[in-house]
2 protein chains.
Amino acid sequence: MSDTSNERSSGRITMVDLARLAGVSVPTVSRALRNLDSVLPETRTRIHALAAEHGFVANAAAQALRGRAARKTAIVFDFQSSGPGSTSPDAFIFELLGDVAHALTIRDFEVTLCPRENSVERYERQLTEIGASGAIFLGQGGQHEMLQALAARFPIIVWGAVLPEALYCAVGSDNFKGGQLVGEELKGRKRTSILLLGNPQTEQVRLRFEGFRASYGVGQHRMIETLPVGFSYEEAYRAVLNRIKDTPKRLDGIFAATDTLAMAAIRAVREIDLVVPDDVAVVGYNDIPQSQAFDPPLTTIREDDRRAGSLLVEKLMQIRDGVRASSVRLDVTLVRRAT
Amino acid sequence: MSDTSNERSSGRITMVDLARLAGVSVPTVSRALRNLDSVLPETRTRIHALAAEHGFVANAAAQALRGRAARKTAIVFDFQSSGPGSTSPDAFIFELLGDVAHALTIRDFEVTLCPRENSVERYERQLTEIGASGAIFLGQGGQHEMLQALAARFPIIVWGAVLPEALYCAVGSDNFKGGQLVGEELKGRKRTSILLLGNPQTEQVRLRFEGFRASYGVGQHRMIETLPVGFSYEEAYRAVLNRIKDTPKRLDGIFAATDTLAMAAIRAVREIDLVVPDDVAVVGYNDIPQSQAFDPPLTTIREDDRRAGSLLVEKLMQIRDGVRASSVRLDVTLVRRAT
DNA sequence: GTGAAAGCGCTAACAT
DNA sequence: ATGTTAGCGCTTTCAC
């Protein structure tokens, strides 16, 4: 006669199998595996041994159905747009993604990637559908209002601008101060006509530019103009080139919203035989690894530390546990290099 | 009296609730929602409307438990190591990650990030635990043998080296040919002492170097040496600097396993006042976006196309459907720029 | 300390 | 075209 209900050809063992092998009931197996002390130590050891031997893996779906709190976090960012030539996410975001994923993994959380949606409902649907117990947004992506609403209904943490009125917990560099530092720098270097490169619809960029304006000031001897571009190198390169070759109105400083954009600007500037930094000073933001290696090494804003990833995760855990989590602005410094 | 079994405070609606609201049985709701044509069109419409109205989201755990084939793919790569200063993954991998995630998302697959493990058992455990129906490895990561074994037990696709003896489906650039192209190039440019920069333990790197040796040849007038470094910019920079300043033995060409390493090499070379490419020619691999922007623009190897991401996903779908999927070597070309 | 019974939310098989 | 019944694999009562 064949075996009663054991390991199917699929190879996956269930608790029923283990129970029979151990000569105990299923609940006992369950208890033993979870180390509940209502199980005789000897029994427990035996069951653990059998489980290991047969490569038993608990069925996560069944556990979830039974109500075990999910250990699963969604990471939301804009990978959708990283098609050929489009506005791919900044390299900085990928670095951060790696850090966050790592921090979650060592806490034994599952990490799921979710694309940006365009409504609170869709976010909520998406997140509950996959059974995530929380979400980390990498950048507001201009969805501040949506995030406000979503935060009331789902545990989220946002990397990005720390806005005073935000109802959600945000972690990000002190964008305003970063902008201020750049303002002081360019003012100190006697620059009188500045181009702000980046799209202020992005909350972080807006704050950076506001900080800049605040410290740089505008008067008869100081002008500021904005060139709103996305985060794509190509787009920025073309936009800057257009700007400076079409209207030869003098421009002696550029504050780019990211290092990538700064690199694009430098290329454009050199294209028309202007010298960086003598003719045009350029300052970026983020201090991504390439910035130091870039030729010329980029002057840029660096965050206080690289613990952003684990900080985001810690905050999310707090919220998950019902604790209020406060937003954090990471301190920034200006790294003066060659541009 | 209070409502019988409806929407709990948690806010999540189940099919039971929907069924009562619609005045039908639960299976009917299930059928209607899945658009089985055994349901009266009118009923179906009504149920869909109710579902939408109440924001019903099917419980994925229950569905999975009931045996619905999982639509979930794990992406395995080395984000663990992206801690401060360590061997972070190459920028190229992140690009690819974005593409793959996108391709999976539009197919309505969930995307889960998994760290590298160090045994077949752990991989299998990890993957079945999260209930993935397949996995995409971003780079062999020196685990060719492990992948051989794993492939027999789980649907996987590997981005990386296409090895003749591989039992798994691999998609990758034609590393050997890429190396050959570099060999021809440096030979044509009369370079006589070449440094291969990169760790040949990585399968792709090994193939690139083998290709190089094959076309460059070694004789009394041509020497090759290898400097095995990881994928970290800093590490490569220091290693190259050490190599060229400690032993001033002439070196007039460098073939770097990635563009990032090439950039590091260039920085080191310039550090000791050698000129690129006059004194030392440098060729990279991958043609990442920054390579064009780099100063000097990098000579490098580019893959035939950027559809690698969707190709990986297509192949995985084939295997999932029980179809054999053949490996693919993407054609490569040498992009000659300034180095 | 352990077992028997019930049920999480859904779908497949069988009725009708 | 719809309802009834059963059960996925696990955990949580409640007995003993």
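Quantities reported herein were computed from a predicted structural model and do not represent experimental measurements. Within every chain, numbering begins at 1; the chains are lettered A, B, ... in the order of the sequence lines, protein sequences first and strands thereafter.
- Side chains of A:Arg324 and A:Gln318: a donor-acceptor N/O pair is absent below 3.5 angstrom, by distance only.
- Residue A:Arg34 places at least one side-chain N or O under 4.0 Å from the OP1 or OP2 atom of D:dT12.
- The side chain of A:Ser25 places no N or O atom within less than 4.0 Å of a non-bridging phosphate oxygen (OP1 or OP2) of C:dT2.
- Separating the CG atom of A:Asp17 from the P atom of D:dC8 is a distance of 12 Å, rounded to the nearest angstrom.
- One atom, CD1 of B:Ile47, and another, P of D:dA1, lie 14 Å apart when rounded to the nearest Å.
- A:Val26 comes within 4.0 angstrom of a base, heavy atoms only.
- A donor-acceptor pair is defined here as one N or O able to donate and one able to accept, closer than 3.5 Å; such a pair exists between the side chain of B:Lys72 and the backbone of B:Ile130.
- Side-chain nitrogen and oxygen atoms of A:Thr28 include none within less than 4.0 Å of the OP1 or OP2 phosphate oxygen of C:dT2.
- Following rounding to the nearest Å, A:Arg12 (CZ) and D:dC10 (P) show an atom-to-atom distance of 8 Å.
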Give every pair of a protein N or O atom and an N or O atom of nucleotides 14-16 of chain D that lie under 3.5 Å apart, one pair per line with the distance.
none

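- We find that CD1 of A:Ile13 is positioned 16 Å from C1' of D:dC10, with the value rounded to whole Å.
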Could you pull out every donor-acceptor pair under 3.5 Å between side chains of residues 151-167 of chain B and any protein atom, sequence neighbours left out?
unit_1, atom_1, unit_2, atom_2, d
B:Arg153, NH1, B:Glu124, OE1, 2.4
B:Arg153, NH1, B:Glu124, OE2, 2.5
B:Glu165, OE2, B:His144, NE2, 3.4

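- Listed by residue number, B:Leu65, B:Arg66 are the residues of residues 61-72 of chain B with a heavy-atom contact under 4.0 Å to DNA chain D.
- Atom pair B:Met15:CE and C:dC8:P shows a separation of 15 Å (rounding to whole Å applied).
- In this structure, A:Arg46 atom CZ and C:dG1 atom P are separated by 15 Å, rounded to whole Å.
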Residues 309-317 of chain A, side-chain donor-acceptor partners within the protein, below 3.5 Å, at least two apart:
unit_1, atom_1, unit_2, atom_2, d
A:Ser310, OG, A:Arg307, O, 3.2
A:Lys315, NZ, A:Ser326, O, 3.0

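- Rounded to whole Å, the distance from CG on A:Leu36 to C1' on C:dT2 is 13 Å.
- No salt bridge links B:Arg46 with B:Glu53; every basic N to acidic carboxylate O contact stays at or beyond 4.0 Å.
- A:Asn59 places its CG atom 14 Å from the C1' atom of C:dC10, with the value rounded to the nearest Å.
- Side chains of A:Ser133 and A:Arg71: a donor-acceptor N/O pair is absent below 3.5 angstrom, by distance only.
- For B:Phe77 and B:Phe79, the ring centers sit closer than 6.0 Å to each other.
- Residues from residues 38-45 of chain A with heavy atoms under 4.0 angstrom of DNA chain C, sorted by number: A:Ser38, A:Val39, A:Leu40, A:Thr43.
- The salt bridge (charged side-chain N to carboxylate O under 4.0 Å, His left out) test applied to B:Arg68 returns no partner, not counting sequence neighbours.
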